[in-house]
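The structure appears right after this line, and notes come after that.
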Amino acid sequence: MSAVTVGGAGDAHPLQRTPWIRYRHSLWLLTTRDLKVRYSTSALGYLWSVLDPLVMAGIYWFVFTQVFERLVGTPPYIVFLLSALLPWMWFNGAVSDSTRAFLKDAKLVRSTKIPRTIWVNRIVLSKGIEFVLALPVLAVFAIAFGARVGWELVFFPLAVLLQAVLTVGVSLIVAPLVVFFRDLERAVKLILRFLFYASPIIYGVSNLPEELHVWAAFNPLSGIFGLYRAGFFPDELDWFNVVVSAAMSVALLAIGMLVFRGSVRQVLKEI
């Protein structure tokens, strides 16, 4: 097979074949494989990554604006919802799928020599790509409902970076532990369900009682979602929450790397 066919940075000049380039090349190949398999087996393909959060947002919008008098969020409420619901789908999907990161492809994990963190990071990356591909939906609703767009939108990439750090950290903790404690897979799904309502998605931190604001900051998603919403709802940006979220995200990433490195050999024996 020619170098062009195998292609990419991983097959560049020998002097360029650094471990990082090989890692990045393998990560991209596995990520694109996941996306192709996911979309090729579905008639609607990419649309499912848009329909899921859109239907959820539609339900909450209808309940809080048409059925009951809305006491949470900021108008336009559909934009308020989507600006946190779309990144939540990334976090929820990546952490949930990471519970089977090793069990699903056990033979490949055992037989390949590539760093085992790839089997977690490819899930986070593929879900992140789906999140990015769903962003046009947010843009369409922001335009259609006349949402304010301010300079704070420049914080959006920072939110993506912090969420990537947080999601990788949590996934690196969850993935190996599920191999030893299989019931943890169901426990993670229950925790994620609780975390959905404990996070400022259908409401904002500003809607909480004053005495709960400090506690809300220790949910790292609070500061991250505030950054996502800042471009449309500047009052949702709280730098104390952002700093706490950043610190907790980095700490969880460090813990995740320690847990992963300390357990990976036993994981390979278990699977």
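Here CG of N121 is found 9.0 Å from OG of S98. Values are rounded to the nearest 0.5 Å. If you take CG on D34 and CG on L29, they are separated by 11.5 Å, rounding to the nearest 0.5 Å. Atom-to-atom distance recorded for L85:CG and I201:CD1 is 6.5 Å, nearest 0.5 angstrom. Taking OG of S96 as the reference point, atom CE of M89 lies at 10.5 Å (rounded to 0.5 Å). Rounding to the nearest 0.5 Å gives a distance of 9.5 Å between OG of S26 and CH2 of W119. A distance of 7.0 Å separates CD1 in I191 from CG in L184, rounded to the nearest 0.5 Å.
Not a single donor-acceptor pair under 3.5 Å links the side chain of E185 to the backbone N or O of R100. Of the possible polar contacts, none joining the R265 side chain to the G262 backbone as a donor-acceptor pair under 3.5 Å is found. Of the possible polar contacts, none joining the S222 side chain to the N241 backbone as a donor-acceptor pair under 3.5 Å is found. Side-chain N or O atoms of N207 include one that pairs as donor or acceptor with a backbone N or O of G204 at under 3.5 Å.
The minimum heavy-atom distance linking W90 with V160 is given by the pair CH2-O, 3.8 Å. A pairwise comparison of heavy atoms in Q266 and F180 identifies CB-CZ, 3.5 Å as the closest pair. Of all the heavy atoms in A57 and L82, the pair that sits closest is CB-CD2, 3.7 Å. Between S171 and V120, the shortest heavy-atom distance links the atoms CB-CG1, 3.4 Å. The two residues Q163 and P87 come nearest to each other via the heavy atoms NE2-O, 2.7 Å. Taking all atoms of both residues into account, the shortest heavy-atom contact from R229 to P200 is NH1-O, 2.8 Å.
The hydrophobic clustering, which links ILVMFWY residues whose side-chain heavy atoms are closer than 4.5 Å, places Y203 and L86 together. Residues L192 and L190 fall into different hydrophobic clusters, defined by Ile, Leu, Val, Met, Phe, Trp and Tyr side chains chained together at heavy-atom separations under 4.5 Å. Taking hydrophobic clusters as Ile, Leu, Val, Met, Phe, Trp and Tyr residues chained together by side-chain heavy-atom distances below 4.5 Å, V165 shares a cluster with F91. The cluster map of Ile, Leu, Val, Met, Phe, Trp and Tyr, joined by side-chain heavy atoms under 4.5 Å apart, puts F194 and V95 in different clusters. A continuous path of Ile, Leu, Val, Met, Phe, Trp and Tyr side chains, each step under 4.5 Å between heavy atoms, connects L177 with L172, placing both in one hydrophobic cluster.
The only member of I123, L125, V124, I224 that meets side-chain contact (heavy atoms from CB on, under 4.5 Å) when paired with T167 is V124. When each of F232, F225, Y228 is paired with F156, the ring-ring contact (aromatic ring centres under 6.0 Å, His included) condition holds for Y228 and for no other.
By the 4.5 Å heavy-atom criterion applied to side chains, M248 and L166 are not counted as neighbours. Proximity of I21 to T18: side-chain heavy atoms (C-beta onward) are separated by under 4.5 Å at one or more points. In this structure the side chain of R22 never reaches within 4.5 angstrom of the side chain of H25, judged on heavy atoms. Residues V79 and P76 form a side-chain contact, since some pair of their non-hydrogen atoms from C-beta on lies under 4.5 Å apart. The side-chain heavy atoms of E236 and L227, taken from C-beta on, include no pair separated by under 4.5 Å.
For the pair R116 and F260, the cation-pi test (distance below 6.0 Å, angle within 45°) is failed.
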Can you check side-chain contact (heavy atoms from CB on, under 4.5 Å) on T74 and D235, steps first, answer last? CA-CA 10 Å; T74 306; D235 291 342; over 6 Å; no

Verdict with supporting geometry, I202 and F80, side-chain contact (heavy atoms from CB on, under 4.5 Å): CA-CA 8 Å; I202 59 179; F80 184 87; over 6 Å; no

Test side-chain contact (heavy atoms from CB on, under 4.5 Å) on R182 and L103; report intermediate values, then the result. CA-CA 10 Å; R182 300 299 172 90; L103 301 175; 3.7 Å; yes

Should D238 and V242 be marked as a side-chain contact (heavy atoms from CB on, under 4.5 Å) after you check the CA-CA gap, both sets of side-chain angles, and the distance that decides it? CA-CA 6 Å; D238 186 323; V242 173; over 6 Å; no

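The local environment of CZ in R186 is sparse, with at most 12 non-hydrogen atoms from other residues, nucleotides or ligands closer than 6.0 Å. By the neighbour-count criterion of 12 heavy atoms within 6.0 Å, atom CH2 of W239 is densely surrounded, having more than that number from other residues, nucleotides or ligands. Residue R261 qualifies as open at atom CZ: its count of foreign heavy atoms under 6.0 Å is 12 or below.
Under the 30°/60° scheme for interplanar angles, the aromatic rings of W215 and F218 are found to be tilted.
Here W88 and F196 bring their ring centres to under 6.0 angstrom of each other.
Donor-acceptor pairing under 3.5 Å is recorded for the side chains of Y23 and T117. At a cut-off of 3.5 Å, with distance as the only test, a side-chain donor of N219 or S199 sits close to an acceptor on the other residue.
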